[in-house]
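Worksheet for the structure shown next.
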Protein chains: 2
Amino acid sequence: MKDATQNFTAKCRQAGLRVTPQRTAVYKALAATTAHPTAEAVFKKVRRSMPHISLDTVNRTLLTFRDVGLAITVEGSGGARRFDADMTAHQHFRCIKCNRIIDFHHKPFDEIKIPRSLSEKFKVLKKTVYLEGICRACQG
Amino acid sequence: MKDATQNFTAKCRQAGLRVTPQRTAVYKALAATTAHPTAEAVFKKVRRSMPHISLDTVNRTLLTFRDVGLAITVEGSGGARRFDADMTAHQHFRCIKCNRIIDFHHKPFDEIKIPRSLSEKFKVLKKTVYLEGICRACQG
DNA sequence: CTTACTGCAAACCATTTGCACGATC
DNA sequence: GATCGTGCAAATGGTTTGCAGTAAG
């Protein structure tokens, strides 16, 4: 994790982002956990050492981190819940521009094998391949 | 789609659900689209033929459908946005009970191949295997 | 006729936006 | 000093809950 913290300043500069105490604190808090926190959770943590920081700043900072490649958001999380009556085997592709979700079906993806090390620990009820990118309509 | 509609009554009975006009209308609206609509979108559609239906009913109905296996929710959609500073290759397992997200890494999952038919149509920027189930702590 | 479902209202939670002040480069 | 970032406040959007009336079995 040493790398990560050093990497932070470099990535900021590289992306033309200013290195502010808030950003540093948010990054440290996020990098220190594997709990995949929400903005709210990061906010609570950071506030302990920086009582004046606002939730908005944390939120914006985290989104900025994602945009410049310092963090990711867990697949699909964030928007409204979306439903699908199709109960046959299929996978989803989500366009990051228009937010459309497109079904596709690729048999090999139905048959991916869960490693033993996982099925021993967890009861896996659902396994899916999830793709994100840019759909045809949103390209050039 | 004929099957689906017939299946509907059967599945309801089987799950001990009453077959109400609202449920029927919501199911029809959902089954008629591949757009992966939000509750709001389904609501707007259903309201055209059933002006008195409420958004809450649509919401609850859709969640019920998911619980009895008449619909699915798109992976991860619904909750708050969750962040992760880990930029190395890895996958996520989400516990449907405690909502925890657990990292794991299985090399073969990094190397899944996108079929040509997809990469021709879409610019795929991210591909991940996403698992859901019950984590150890939440099991019996 | 009993129990489950619906609709309404309110509360709650997460996210976004505009703007003025302050800090970084 | 110019520009970018922050904090505040308010608005928005989505989801959940409790409750009383209504309809399905």
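Lettering of chains follows the sequences in order, A, B, ..., and the numbering in each one begins at 1. These numbers were taken from a predicted model, which means no experiment stands behind them.
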message: Need to verify one output field. Residue with the more 5' nearest nucleotide on DNA chain C, R82(B) or L17(A)?
response: R82(B)
statement: Comparing R23(B) with R81(B), nearest DNA chain C nucleotide closer to 5' gives the residue R23(B)
- request: Verify the neighbour count for atom NZ of K44(B): are there more than 12 heavy atoms of other residues, nucleotides or ligands below 6.0 Å?
  value: no
Between [N] ([atom2]) and [X] ([atom1]): distance, integer Å:
X	N	atom1	atom2	result
D67(B)	dT16(D)	CG	P	11 Å
M50(A)	dG5(D)	CE	C1'	13 Å
L63(B)	dT17(D)	CG	C1'	13 Å
L55(A)	dA9(D)	CG	C1'	13 Å
F43(B)	dT6(C)	CZ	P	14 Å
N59(B)	dG13(D)	CG	C1'	12 Å

field: Residue I53(A), side-chain atoms from C-beta onward, closest of dG7(D), dT16(D), dT15(C)
entry: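 Minimum distance to the I53(A) side chain belongs to dG7(D).
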query: From dA4(C), dT24(C), dT17(D), pick the nucleotide closest to the side chain of R18(B)?
result: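 Of dA4(C), dT24(C), dT17(D), dA4(C) is nearest to the side chain of R18(B).
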Please check the phosphate of [N] (OP1 and OP2 only) for any side-chain N or O of [X] closer than 4.0 Å.
X	N	value
R13(B)	dG25(D)	yes
R60(A)	dT6(D)	no
Q22(A)	dG7(D)	yes
T20(A)	dT6(D)	yes

message: Within the 4.5 Å heavy-atom criterion, are K123(B) and L125(B) side-chain neighbours or not?
response: yes
- prompt: Can you find a pair of side-chain heavy atoms, one from C135(A) and one from K97(A), that are under 4.5 Å apart?
  reply: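 Counting from C-beta outward, C135(A) and K97(A) never come under 4.5 Å.
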- request: Please collect all side chain to side chain donor-acceptor pair (under 3.5 Å) contacts where either partner lies in residues 130-140 of chain B, sequence neighbours excluded, each pair once.
  value: R94(B)-E132(B)
- request: Return yes if the base of dA9(C) and the side-chain atoms of D56(B) contain a donor-acceptor N/O pair under 3.5 Å, otherwise no.
  value: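 In this structure, the two groups form a donor-acceptor pair.
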- prompt: Mind checking whether H92(A) and H36(B) have parallel, tilted or perpendicular rings, split at 30° and 60°?
  reply: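 Rings of H92(A) and H36(B): perpendicular, over 60°.
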- prompt: If you look at every strand shown and take non-hydrogen atoms under 4.0 Å, does L62(B) touch a base, only sugar-phosphate, or nothing?
  reply: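 No contact at all - L62(B) keeps every heavy atom at 4.0 Å or more from the nucleic acid.
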